[in-house]
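This report concerns only the one structure given below.
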Amino acid sequence: QVQLVESGGGLVQAGGSLRLSCAASGRTFSRYNMGWFRQAPGKEREFVAAIDRSGGNTRYADSVKGRFTISRDNAKNAVYLQMSSLKPEDTAVYYCAADGSLAVIAFAPLYDYWGQGTEVTVSS
């Protein structure tokens, strides 16, 4: 069992930056690939970024490539999402999730554990 708690969301102007954090409970954090997803009002949840167990392999949605960076610190049981050059269309609730699969995946239904989300609002 893994419990995830996101933090770091807030209101930021377009072009600004935010760093989201996700703290995980338990001693098995390093066994999970981790992902960030987001859901805007009236839209389906979408993949943002994912990172493998060691942190050596990452994957990004095309919409955030070059602007967002996912990282993790297994010693701190944490995963991060550094977001830069934010756009109004990045406004959403951001969720972190843990996946026990072998591959780094972008398919939300395959993730095993989810946090409660943190809200990001980007004003124009």
Side-chain angles (χ1 to χ4, degrees):
Q1 186 90 14
V2 177
Q3 292 183 326
L4 305 171
V5 179
E6 302 94 335
S7 62
L11 174 64
V12 63
Q13 288 188 334
S17 299
L18 276 178
R19 188 193 194 209
L20 305 184
S21 300
C22 175
S25 66
R27 293 176 290 180
T28 60
F29 176 72
S30 60
R31 297 181 185 177
Y32 292 89
N33 297 329
M34 298 298 297
W36 284 97
F37 292 79
R38 66 188 182 186
Q39 188 166 17
K43 295 187 177 181
E44 294 186 352
R45 190 169 297 189
E46 65 173 359
F47 170 74
V48 175
I51 189 167
D52 72 354
R53 292 165 177 76
S54 68
N57 183 25
T58 58
R59 182 173 177 179
Y60 295 92
D62 288 343
S63 59
V64 306
K65 278 182 183 176
R67 301 189 298 122
F68 291 10
T69 302
I70 188 171
S71 62
R72 68 188 294 164
D73 186 336
N74 286 343
K76 295 183 179 180
N77 278 13
V79 62
Y80 308 100
L81 185 68
Q82 178 67 48
M83 305 186 295
S84 303
S85 301
L86 283 162
K87 305 175 181 179
E89 50 263 44
D90 294 317
T91 295
V93 177
Y94 283 72
Y95 300 88
C96 73
D99 165 47
S101 303
L102 293 178
V104 176
I105 57 175
F107 191 48
L110 294 183
Y111 277 74
D112 302 306
Y113 303 102
W114 292 83
Q116 83 291 345
T118 186
E119 189 168 1
V120 172
T121 302
V122 184
S123 63
S124 57

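We're numbering straight along the sequence, starting at 1. Just so we're clear, the structure is a prediction, and the values are computed from it rather than from any experiment.
- No more than 12 heavy atoms of other residues, nucleotides or ligands lie within 6.0 Å of CD in Q3, so this atom counts as exposed by the packing criterion.
- Residues W114 and I105 share a hydrophobic cluster, clusters being chains of Ile/Leu/Val/Met/Phe/Trp/Tyr side chains in contact below 4.5 Å.
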Margin query: Set out, in order, the CA-CA distance, both residues' side-chain angles and the distance that settles side chain to side chain contact (heavy atoms under 4.5 Å, CB included) for V2 and T28, then state yes or no.
Written below: CA-CA 8 Å; V2 177; T28 60; 4.1 Å; yes
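- We find the OG-CG distance between S54 and N33 to be 9.0 Å, quoted to the nearest 0.5 Å.
- Remark: I51 CD1 to C96 SG distance equals 12.5 Å, nearest 0.5 Å.
- Partners of A98 under the side-chain contact (heavy atoms from CB on, under 4.5 Å) rule, at least two apart in sequence or in another chain, are L4, Y32, M34, Y113.
- Under the ring pair (Phe, Tyr, Trp, His ring centres under 6.0 Å) criterion, Y60 pairs with no residue at all, not counting sequence neighbours.
- By the salt bridge (charged side-chain N to carboxylate O under 4.0 Å, His left out) test, R72 pairs with no residue at all, sequence neighbours left out.
- Using a 4.5 Å cut-off between side-chain heavy atoms of Ile, Leu, Val, Met, Phe, Trp and Tyr, with links allowed through other members, V120 and W36 fall into the same hydrophobic cluster.
- Between the side chain of Q39 and the main chain of A92, no donor-acceptor pair closer than 3.5 Å is present.
- Judged purely by atom type and a 3.5 angstrom limit, N57 has no side-chain atom pairing as donor or acceptor with the backbone of D52.
- Side chain of R45 to backbone of A108: no donor-acceptor contact under 3.5 angstrom is found.
- Evaluation of the side-chain contact (heavy atoms from CB on, under 4.5 Å) rule for R67 yields V64, S85, K87, D90 as partners, not counting sequence neighbours.
- Residues A97 and Y111 approach most closely at CB-CD2, 3.4 Å, considering heavy atoms.
- Atom NZ of K43 and atom OG1 of T91 lie 10.0 Å apart (nearest 0.5 Å).
- Residues in residues 92-101 take part in these side-chain hydrogen bond (donor to acceptor under 3.5 Å, both in side chains) pairs, two or more places apart or across chains: R38-Y94, D99-S101.
- Using modelled atom types, no side-chain atom of Q82 and backbone atom of T69 make a donor-acceptor pair closer than 3.5 Å.
- Looking only at distances, no side-chain donor or acceptor of N74 sits under 3.5 Å from a matching main-chain atom of F29.
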Side-chain donor-acceptor pairs of residues 11-23 under 3.5 Å, sequence neighbours excluded:
none

Margin query: As a quick check of understanding, evaluate side chain to side chain contact (heavy atoms under 4.5 Å, CB included) for V93 and F37, giving each step before the final call.
Written below: CA-CA 8 Å; V93 177; F37 292 79; over 6 Å; no
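- Between the side chain of R53 and the main chain of S30, no donor-acceptor pair closer than 3.5 Å is present.
- In terms of heavy-atom proximity, G8 sits nearest to T118 at N-OG1, 4.1 Å.
- Summarising the geometry, atom CZ belonging to F68 is positioned 7.5 Å from atom OG belonging to S63; distances are rounded to the nearest 0.5 Å.
- Under a hydrophobic clustering in which Ile, Leu, Val, Met, Phe, Trp and Tyr are joined whenever their side-chain heavy atoms come within less than 4.5 Å, directly or via other members, V48 and Y80 fall into different clusters.
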